Engineer: 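Quick one: the structure is below, questions incoming.
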2 protein chains.
Amino acid sequence: MTTRPRISDVAAAAGVSVTTVSLVLNNAKTRISADTQQRVRDAARAVGYAPSALARGLRTQRTRTVGLISDQIATTPFAGRMLAGAQDVARDHGHLVFLLDTGGDAGIEAEAIAALSAQQVDAMIYACMWHRTVEPPAGIRADTVFLDCRPAGGSHRSVVPDDRAGGAAAVRELVAAGHRRIAYIDASEPKPIASALRFEGYLEVLAEAGIDPDAVLRVDVTEISARGGREAADMLLALPADRRPTALFCFNDRIAAGAYMAARHRGLEIPRDLSIVGYDDQQFIAAEQDPPLTTVALPHYEMGRWAMEVALGVRAEEDEDATHLMECPVIRRDSVGPPPAQVAKPSRRRASHNTERPPSAAPDR
Amino acid sequence: MTTRPRISDVAAAAGVSVTTVSLVLNNAKTRISADTQQRVRDAARAVGYAPSALARGLRTQRTRTVGLISDQIATTPFAGRMLAGAQDVARDHGHLVFLLDTGGDAGIEAEAIAALSAQQVDAMIYACMWHRTVEPPAGIRADTVFLDCRPAGGSHRSVVPDDRAGGAAAVRELVAAGHRRIAYIDASEPKPIASALRFEGYLEVLAEAGIDPDAVLRVDVTEISARGGREAADMLLALPADRRPTALFCFNDRIAAGAYMAARHRGLEIPRDLSIVGYDDQQFIAAEQDPPLTTVALPHYEMGRWAMEVALGVRAEEDEDATHLMECPVIRRDSVGPPPAQVAKPSRRRASHNTERPPSAAPDR
DNA sequence: ATGAAAGCGCTAACAC
DNA sequence: GTGTTAGCGCTTTCAT
């Protein structure tokens, strides 16, 4: 092909005017004879015609494109599902998405907004890769929808996970299994917004169950990682038997993975000796623990869909609130069981961090 | 703002013609008086002018956009870095990227190609989320560059990781540490193209070191996962002492994580009793093993950059080959050490899969 | 050193 | 039922 066929080529081939071609190709309700319609369609196919989105956009002032600005797409495992959700609904509605990752740089962000505006995108989404509060970038259009973050001041529509309810659901799993001494291994400073929310859920369920919260059972990790989780869990498990938790609710799955390590080093078997629940349902982490980790999933795909649906105006806005809370489902796997029948008799050896065997270890050999 | 300011608004504000505005805003080499230039720029800023990318694209037939078609962006942890690499160079050259994920569906793929063509993107990238051979989709433009996949028949330019060299590098780590009995825990059928390549590297280094490959030391996993890796490693570690490997090269980090589990269940300490190297340098997996896993990194960010650079024509094409091989650097962490001083005396108990203690375990209590 | 005007490919108001 | 034409906002040739 030397050059793209234009609408006039189709018109010529079909022996009609461009108006007619435009009309039939846009399925206008207009009265064009069925015969002509067929001729036009055949001609279009014959010359390999596809309308120029540029020309059409210029003329109609609707581009059928949407801009998606994200921070940090590179370094997060969750981005993909959010993008996929947004993508899917965009495609279903005939829209294309411009993806602009800013790496969190405000200058790049400003450029991105300008570029998108120059492209006359029909809608705009501002996505964060973890739930947080953001200052809406200067000059961002008012109908932008915020994905996985809350604009300060509730100035724009947004969707975030319901971390409070998720935290409650996690702890409820544990309470239902019979646990009463449940620790919360929290994130470190500066804490993500989800941290306090999940803790609220924790307290709520404890109250429901008539359990007094014990301050020693809430510990902050030194860093959000398996290593941090391991250290924190290790402190908890070193507590005297009557104060020691029988279950751990971890801020996220990576921390939970660290808790597994700590348990292992103390010879504790999960869930027989210790129950654990995580958060995030992080791919390749939660399901691949040994035993697989019970956790709470972050609804990234759904949030991505929701954001695109409201951005495109294809969702009946059921709620009045600017920010929509999306449910976090619990994913039951094998790390929760009833608490050990009797409290293990206190071992008087101080946390020596290693080869202590579980009370129940087989006296083998 | 009611409606976007047009170039004529700027012209009016500056008291010049639109030609002049266009010229100065596009930094034409033309001779426009410095004074006029300033007036125009001031006027543009004053009215908040930004040129319409649509109109400009329609006129120039260059849109400064590029289409990036990907399969499976949702379910892979590597997508982000590839996108970030592509993104960064696009931005540096003033281009915007349309991201279209097809989920691997051929129908959607065809639509995506059509949509991108309608948008008159200046360039196109076809990305896979893991190294494989693909049949180029029908109708894809000839100058498309393939990212992390090879088009069948070498019909298009492409960039993929150098898995053979990566496999060699991994095994060389082990050989350098003194190992001679090195197992390769391979992927399962249908094997990724990388599987055979890494194995080639393995054989190459063995040959270099004068080590005869032992067929029992190559085992396929039943599934690519921690569980698969665990089972495979378990078989290997159950071998009689004189046939047992002292080091494991795993097809990927998840499999390596499974190997850690198997080692742990046998009371083997890493790297004292067993050395392990993985592949992928997968985020939150490799670095968070206990001890952190030595592995080979996949150069996703760099491949993303490379692809966009050639797509945009901003890279001097140094190599004649249609497919560019990108180096996979080894990431040294703590899972490789010298082989155990003497071969452990063969335990005659058959692989009982559990509480066997390492020879060196403290006889505590 | 600056301006007039054509035209990129399309849609839609209006005429017939 | 179908055709003519203006114009979306810009770049660029050609005049001056």
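First the proteins, then the strands, lettered A, B, ... as listed; each starts at 1. These numbers were taken from a predicted model, which means no experiment stands behind them.
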Engineer: In whole angstrom, what separates A:Tyr49's OH from C:dC10's C1'?
Structural biologist: 7 Å

Engineer: Nearest nucleotide by nearest heavy atom, which residue falls closer to the 5' end of DNA chain D, B:Ala55 or B:Thr19?
Structural biologist: B:Ala55

Engineer: Using only modelled atom types and a 3.5 angstrom limit, is any donor from either the side chain of A:Ser33 or the base of D:dT2 paired with an acceptor on the other?
Structural biologist: no

Engineer: Would one find a side-chain N or O of B:Ser22 under 4.0 angstrom from OP1 or OP2 of D:dT11?
Structural biologist: yes

Engineer: Parallel, tilted or perpendicular, judged at 30° and 60°: which one describes the rings of B:Phe146 and B:His156?
Structural biologist: tilted

Engineer: Do the side chains of B:Arg132 and B:Asp71 get close enough for a salt bridge, i.e. N-O under 4.0 angstrom?
Structural biologist: yes

Engineer: Please give, in whole Å, the distance from C:dC10 P to A:Arg6 CZ?
Structural biologist: 8 Å

Engineer: Just how far, in rounded Å, is P of C:dG9 from CD of B:Gln119?
Structural biologist: 15 Å

Engineer: To check you understand the geometry: which heavy-atom pair defines the closest contact between B:Arg6 and B:Asp9, and what is its length?
Structural biologist: N-OD2, 2.7 Å

Engineer: Starting at the 5' end of DNA chain C and moving along, which residue's nearest nucleotide shows up first, A:Ala50 or B:Val18?
Structural biologist: B:Val18

Engineer: Assess whether one donor atom and one acceptor atom, taken from the side chain of B:Thr36 and the base of C:dA1, lie less than 3.5 Å apart.
Structural biologist: no

Engineer: How are the rings of A:Phe78 and A:His300 set to each other: parallel, tilted or perpendicular (split at 30° and 60°)?
Structural biologist: parallel

Engineer: Take atom CZ of B:Arg56 and atom P of D:dC10, then tell me their distance rounded to the nearest Å.
Structural biologist: 8 Å

Engineer: Using atom CG of A:Leu54 as one end and atom P of D:dG7 as the other, report the distance to the nearest whole Å.
Structural biologist: 21 Å

Engineer: Across the strands shown, which category fits A:Thr20 at heavy-atom distances under 4.0 angstrom: base, sugar-phosphate, nothing?
Structural biologist: sugar-phosphate

Engineer: Between C1' on D:dC8 and CD on A:Gln120, what's the gap in Å once rounded to a whole number?
Structural biologist: 9 Å

Engineer: For A:Gln37 versus A:Val24, what's the shortest heavy-atom pair and its separation?
Structural biologist: O-CG2, 4.2 Å

Engineer: What is the distance, rounded to the nearest whole Å, between atom CG of A:Leu58 and atom P of C:dC8?
Structural biologist: 13 Å

Engineer: Please report the distance, rounded to the nearest Å, between CZ in A:Arg39 and P in D:dG1.
Structural biologist: 14 Å

Engineer: Tell me whether the side-chain N/O atoms of B:Ser17 come closer than 4.0 Å to OP1 or OP2 in C:dG3.
Structural biologist: yes

